[in-house]
Peer 1: 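I have a structure I would like to understand better, so I am pasting it below and will then ask my questions one at a time.
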Number of protein chains: 2
Amino acid sequence: MLKEHVAKIAALTDAEFDNFFARFELQSFKKGQTIISAGDRVNHEYFVLSGCLKTFYINDDIKMYILQFAMPTWWASDYNALYSGAKAAVSVDCVTDAEVLRLSNANREEICSQVHQVEHFFRWRTNKGYVASQKRLLSMMNNDVKHRYEELMAQYPELYNIVPKQLIAAYLGVSRETLSRLYNS
Amino acid sequence: MLKEHVAKIAALTDAEFDNFFARFELQSFKKGQTIISAGDRVNHEYFVLSGCLKTFYINDDIKMYILQFAMPTWWASDYNALYSGAKAAVSVDCVTDAEVLRLSNANREEICSQVHQVEHFFRWRTNKGYVASQKRLLSMMNNDVKHRYEELMAQYPELYNIVPKQLIAAYLGVSRETLSRLYNS
DNA sequence: TGTGGATAGTGATGTAGATCACGCAATCAC
DNA sequence: GTGATTGCGTGATCTACATCACTATCCACA
């Protein structure tokens with residue numbers, strides 16, 4: 001699955017891919033388990049094989065905001081903490097049972113410096129994330145909740161069944177009450 | 001200036017840097033001039049040497065949202081359009097007189113594939129942009145206007161003098177009236 | 001079998017910020 | 001030098017959404 005994902009962007013020889021792949025560790029988690037907890041040191045990023053993760057922030061009023069739902073072939077981590085060595089500001093946990101491949105920061109940097117095409121892949125991936133994030137920022141500023149809700153459902157219809165509405169509200173940045181009123185009309 | 005900027009991240013030989021640098025073109029713009037207009041094909045990204053650019057989106061109600069102010073050593077473009085070949089959804093123009101170095105998409109990809117360290121540099125740069133964008137998204141969801149205003153002023157105090165308050169409002173995602181009332185209290 | 005904890009719907013009320021409308025400089029065009 | 005344009009402040013009103021409070025349902029598990 002990872003091979004297919006990477007092959008779309010980077011032309012790796014079998015040996016190169018083996019070198020890359022050997023650096024990952026398979027991990028399985030149960031629904032609700034925490035992968036990264038705010039305050040932790042972060043040493044890994046996670047490639048989702050199955051299930052669904054969420055990366056989220058909890059503010060002083062114990063209100064949660066979801067930055068990303070990570071579905072299969074998506075990557076998740078606290079990238080600020082991972083790159084800068086700072087403590088995690090953001091947490092990651094499992095919305096459903098999940099299988100992930102984890103890659104350490106040190107291993108990523110090493111393989112990136114060894115294999116040019118892997119560096120190319122990660123540049124592409126990060127760029128995609130950047131573009132998506134900008135798009136969401138714009139939507140956040142420009143569109144009302146209803147619009148954002150429809151946008152989300154169009155992009156990930158499967159979320160509707162998989163995740164509690166509360167989490168959808170936390171992704172959209174509204175209260176669960178408002179969201180509830182919204183689609184009962 | 002570009003050399004210094006790149007050197008922080010990537011170790012280039014003089015020959016490599018010359019190869020890189022030769023691909024840029026110097027351009028000068030006057031305050032108010034447009035660099036990328038929504039609907040255009042986008043072929044370049046821009047490294048700011050002096051002055052200040054803004055990248056912005058205008059919605060159907062002719063309301064403007066500013067995604068980024070680009071100060072010296074920052075990069076600007078419509079990265080979605082640039083990478084995907086789509087038409088620009090976002091515009092870029094000059095808040096002040098500005099000097100920029102422009103780099104074409106084709107040239108970036110070529111030098112990235114030729115010189116591993118350049119690819120490394122762009123991966124780093126994009127990652128930084130991604131992290132900043134995520135942070136802003138979170139701030140947008142979590143903090144009220146006053147908080148966001150103070151955050152912006154703490155990060156770029158020079159903006160206060162350089163840009164009209166209208167633009168600051170458009171960056172914060174509020175009406176100019178609300179912003180005006182805000183700092184007269 | 002019942003008890004506690006998620007999850008979700010809904011009414012009443014509060015509020016941050018939008019919108020509309022106006023006046024008042026300062027700057028630009030010619 | 002006069003009229004037009006742009007930027008800014010301010011009052012009155014409107015509205016999308018938050019918050020609080022209560023109820024109902026489902027499900028885990030002692």
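Just so it is clear: chains get the letters A, B, ... in the order the sequence lines come, proteins before strands, and each one is counted from 1. Because only heavy atoms are used, hydrogens play no part in the values below, and waters and symmetry mates are left out as well, while side chains stay in.
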Peer 1: Which residue lies toward the 5' end of DNA chain D, B:Arg181 or A:Gly173, if each is placed at its nearest nucleotide?
Peer 2: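 Upstream on the strand: B:Arg181.
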Peer 1: Does B:Glu45 pair with B:Arg125 as a salt bridge, N-O distance under 4.0 Å?
Peer 2: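 Counted as a salt bridge, because a side-chain N and a carboxylate O are separated by less than 4.0 Å.
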Peer 1: Which nucleotide wins on minimum distance to the side chain of B:Gln166, given the candidates D:dT19, D:dC17, D:dG7?
Peer 2: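 From the listed options, D:dG7 comes nearest.
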Peer 1: Among D:dT10, C:dT7, C:dG17, find the nucleotide with the atom closest to the side chain of A:Pro164.
Peer 2: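 That would be C:dT7.
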Peer 1: Side chain of B:Arg176, heavy atoms from C-beta onward: which of C:dG17, D:dG9, C:dA8 has the nearest atom to it?
Peer 2: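 Of the options given, the side chain of B:Arg176 lies nearest D:dG9.
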Peer 1: Which nucleotide in the set C:dG17, C:dT19, C:dC22 lies at the smallest distance from any side-chain heavy atom of B:Glu177?
Peer 2: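 Selected nucleotide: C:dT19.
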Peer 1: Are B:Asp40 and B:Lys87 ion-paired here, with the side-chain N under 4.0 Å from a carboxylate O?
Peer 2: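 No, B:Asp40 and B:Lys87 are not salt-bridged.
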Peer 1: Counting side-chain heavy atoms from C-beta on, which of C:dG11, D:dA18, D:dG9 comes nearest to B:Tyr183?
Peer 2: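 The answer is D:dG9.
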Peer 1: Could you tell me the separation between the NZ atom of A:Lys165 and the C1' atom of D:dC26, rounded to a whole number of Å?
Peer 2: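 In whole Å, D:dC26 C1' lies 14 Å from A:Lys165 NZ.
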Peer 1: Among C:dG17, C:dT19, D:dA18, which nucleotide sits nearest the side chain of A:Thr178?
Peer 2: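 The answer is D:dA18.
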Peer 1: Check the distance between D:dC17's P and B:Met140's CE and give it to me in whole angstrom.
Peer 2: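 In whole Å, D:dC17 P lies 14 Å from B:Met140 CE.
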Peer 1: What are the two closest heavy atoms between A:Gly51 and A:Pro72, and how far apart are they?
Peer 2: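 Minimum heavy-atom contact is O-CD, 3.4 Å.
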Peer 1: Atom CG of A:Leu167 to atom P of C:dA8: distance rounded to whole Å?
Peer 2: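 These atoms are roughly 8 Å apart.
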Peer 1: NZ of B:Lys31 versus C1' of D:dG7: gap in Å, rounded?
Peer 2: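 Distance check: B:Lys31 NZ to D:dG7 C1' gives 11 Å.
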Peer 1: Return the value, rounded to whole Å, for the distance between atom CG of A:Leu182 and atom C1' of C:dA8.
Peer 2: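 Those two atoms, CG and C1', are 15 Å apart.
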Peer 1: Do B:Asn142 and A:Asn59 have a side chain donor and acceptor closer than 3.5 Å?
Peer 2: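 There is such a pair (donor and acceptor under 3.5 Å, judged by atom type) between the side chains of B:Asn142 and A:Asn59.
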Peer 1: Send over the distance from A:Asp144 CG to D:dA18 C1', rounded to a whole Å.
Peer 2: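 Taking atom C1' of D:dA18 as the reference, CG of A:Asp144 is at 16 Å.
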Peer 1: Are B:Lys30 and B:Asp93 within salt-bridge range, i.e. N to O under 4.0 Å?
Peer 2: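 No.
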Peer 1: From the list D:dT19, C:dG9, C:dT19, which nucleotide is the closest neighbour of the side chain of B:Lys63?
Peer 2: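 Output: C:dT19.
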Peer 1: With a 4.0 Å cutoff (strictly under), does any side-chain N or O of A:Ser180 reach OP1 or OP2 of C:dA8?
Peer 2: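 For C:dA8, OP1/OP2 do not have a side-chain N/O of A:Ser180 under 4.0 Å.
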Peer 1: Using whole Å, report how far CG of B:Leu172 lies from P of C:dA18.
Peer 2: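 Checked: the CG to P distance equals 10 Å.
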Peer 1: Between atom CG in B:Asn143 and atom P in C:dG17, what is the gap in whole Å?
Peer 2: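 Value for this atom pair: 11 Å.
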